[in-house]
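Take a look at the structure set out below.
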Amino acid sequence: DGHRELQAVPELTFLGNPPPGLLGPCEGDCDGDDDCRGDLICYEREGDSDPFPPGCARGTVSQDRSDYCYDPANMPSSAPTLSVPPTVYVPPRLKFVRNPPRSPLGICEGD
């Protein structure tokens with residue numbers, strides 16, 4: 001019917017430090033990738049102002065400084081790269097023609 005079913009974004013869940021076992025998506029507190037299940041990665045945060053891992057909703061987490069496992073496929077793609085180097089503007093050089101000129105002067109020509 002053309003309708004896509006919306007998937008719920010998992011909420012952050014603090015399971016303890018140290019964790020009771022391997023952590024799933026949006027579960028913490030991880031100290032490294034080895035604490036996460038499968039291909040998940042530990043998203044390490046330095047403090048309250050650091051963002052939460054991509055693909056995770058804040059939920060009711062009380063441990064704001066904790067680190068959480070996340071799926072790297074949820075990471076936003078980086079900015080597109082340029083395939084052609086940017087053009088650098090080089091102004092034309094001034095050119096002395098003669099005084100008086102024999103014909104109309106061109107751009108940056110003078111007498």
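Computed from a predicted structure; not experimentally measured.
Using a distance-only test at 3.5 Å, with no hydrogens or angles considered, a donor-acceptor pair links the side chain of D29 to the main chain of D67.
The SG atom of C56 lies 9.5 Å from the CD atom of E27; values are rounded to the nearest 0.5 Å. In this structure, the separation between SG on C26 and CZ on F52 is 11.0 Å, given to the nearest 0.5 Å.
Residues D33 and C42 have side chains in contact (heavy-atom distance under 4.5 Å, counting atoms from C-beta outward). Proximity of L15 to L23: side-chain heavy atoms (C-beta onward) are separated by under 4.5 Å at one or more points. In this structure, the side chains of C36 and I41 stay at 4.5 Å or more apart for every pair of heavy atoms. At least one side-chain heavy atom of N17 sits under 4.5 Å from a side-chain heavy atom of D31. The shortest side-chain heavy-atom distance between L22 and C69 does not fall under the 4.5 Å cut-off.
Proximity of the aromatic rings of Y70 and Y43 is defined here by a centroid distance below 6.0 angstrom, and this criterion is met.
Screening T13, L40, D71 for a side-chain contact (heavy atoms from CB on, under 4.5 Å) involving P25 leaves a single residue, L40.
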